[in-house]
Amino acid sequence: MRKPAILFACLLFSCSLAATQDVDFSKVQMKVTKVAGNVYMLEAADAGNIGALVGDDGIVVIDDQYAPLAEKIQAALKSITYQPVRFIINTHYHDDHTGSNAYFQKQAPVIAHDNVRKRLESGGVAGNGSSVRFDAKPQPKEALPIITFDHDVTIHLNGEDIHALYFPAGHTDGDAIIFFPKSNVVHMGDDFGTYGFPFIDIDAGGNINGMISALETVIAQLPPDVKVIPGHGHISSVDDMRVFLEMLKETRAVVQNALNQGQTLEQMKQAKILDPWKKYSGDFISDEAYLETLYNSLTGQKNGKFIKHN
Ligand SMILES: [Zn+2]
């Protein structure tokens with residue numbers, strides 16, 4: 001799943017028409033995997049992973065990838081069950097997780113945290129506060145979640161209590177993690193991924209501290225044999241999340257230490273202070289981009305300016 005930076009960046013967010021034309025969505029394959037209990041995962045290239053709880057009461061869908069993939073998602077769901085879609089939950093506002101909202105909202109309501117609706121409606125900038133930066137276009141009314149929550153919501157269907165719980169200021173300022181206690185599955189949204197250093201949307205209120213505390217809170221609550229659907233990447237275990245969390249904490253500590261010594265961002269880049277974690281450096285989030293993310297998170301800076309959180 002290594003791709004040229006421009007392509008992956010483009011796949012993650014609304015990108016220019018010219019760049020979109022580089023991606024031939026007609027060739028994208030939708031892979032369906034049974035995770036555990038009544039929960040399935042739908043994967044397509046670098047799009048966000050979809051979770052689907054199925055049963056006699058209908059389908060609850062977690063995230064819906066890109067708009068051009070909507071019919072493929074629908075066909076994949078039909079390959080599992082003929083029951084209708086009952087609800088869609090968005091884990092956050094990025095368009096590789098919300099792109100088919102307008103398509104599916106003709107069938108069932110979309111549910112998300114208040115800030116997801118706000119950001120989809122207003123559009124704005126997504127980025128790490130420095131070199132990673134994308135435009136997030138305002139979305140039409142049909143794509144906006146019609147049910148929103150400020151802390152958590154539970155859906156009782158198919159004998160399952162699907163719990164969407166808000167975690168502030170992690171990957172974005174509107175992250176929900178979705179628990180399926182009976183099936184013993186959790187969908188982490190983009191607070192956990194297996195593609196290397198994480199993207200943290202500082203421009204949309206994200207912060208390394210929130211991502212770490214979300215992971216600590218969730219890991220402490222999960223049964224040891226739970227199956228984990230990451231926002232991107234392969235089905236994982238709690239131990240995989242622990243390894244990821246340790247990397248986040250160690251790298252945060254190294255940058256905090258450098259800050260305490262009065263080092264500038266440039267000096268940290270020169271000193272390659274994240275070199276011991278080089279294996280996490282990817283085409284999308286390089287070690288330098290992640291260093292900027294940590295620096296901006298810990299200093300409250302964004303392009304040298306103080307971040308005003310809403
Ligand atoms: Zn995301």
Side-chain angles (χ1 to χ4, degrees), residues 1 3 5 7-15 23 41-51 61-67 69 88-101 110 112-120 122-129 131-137 139 143 145 164-178 186-208 210-212 214-215 218 228-234 236 241 244 248 280 282-285 289-290 292-293 296-297:
M1 70 168 255
K3 301 227 171 225
L7 181 59
F8 191 18
C10 178
L11 279 166
L12 274 178
F13 299 101
S14 297
C15 44
V23 183
M41 178 167 101
L42 277 58
E43 289 170 89
D46 292 321
N49 287 330
I50 291 177
V61 178
I62 315 303
D63 287 348
D64 53 29
Q65 300 180 342
Y66 297 104
L69 296 176
I88 299 101
I89 306 176
N90 294 151
T91 60
H92 62 292
Y93 83 100
H94 290 151
D95 84 339
D96 54 332
H97 298 258
T98 61
S100 301
N101 274 6
V110 176
H113 183 263
D114 297 334
N115 291 343
V116 174
R117 183 180 164 98
K118 282 184 199 158
R119 293 201 178 275
L120 285 173
S122 66
V125 169
N128 72 346
S131 66
V132 180
R133 188 183 159 89
F134 313 93
D135 286 331
K137 296 195 180 77
Q139 296 300 306
L165 181 57
Y166 174 56
F167 286 87
H171 176 63
T172 71
D173 66 356
D175 303 330
I177 292 175
I178 321 297
V186 62
H187 189 311
M188 290 297 298
D190 279 352
D191 271 331
F192 173 60
T194 65
Y195 62 88
F197 287 135
F199 173 55
I200 296 177
D201 192 346
I202 302 267
D203 291 282
N207 193 294
I208 184 68
M211 186 177 271
I212 285 173
L215 284 161
V218 171
V228 180
I229 301 178
H232 297 265
H234 51 79
S236 301
M241 282 171 60
F244 180 73
L248 297 185
Y280 289 96
D283 295 331
F284 175 44
I285 300 298
Y290 180 59
E292 293 165 354
T293 304
N296 290 336
S297 287

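Numbers here are sequence positions counted from 1. Indexing begins at 1, ligand by ligand and atom by atom, following the structure's order.
- Remark: of the listed residues Thr293, Asp190, Leu248, Thr172, Leu248 is the sole one forming a side-chain contact (heavy atoms from CB on, under 4.5 Å) with Met211.
- With sequence neighbours left out, the ring-ring contact (aromatic ring centres under 6.0 Å, His included) criterion links Phe244 to Phe192.
- Its N, O or S atom nearest to the Zn ion (ligand 1) is what matters here, and for His94 that atom is ND1.
- Of all the N, O or S atoms in His92, the one closest to the Zn ion (ligand 1) is NE2.
- The nearest N, O or S atom of Asp190 is closer to the Zn ion (ligand 1) than 2.8 Å.
- Side-chain contact check for Asp63 and Thr91: at least one donor-acceptor pair (N or O, by modelled atom type) lies under 3.5 Å.
- Side-chain atoms of His92 and Asp201 include no donor-acceptor pair closer than 3.5 Å.
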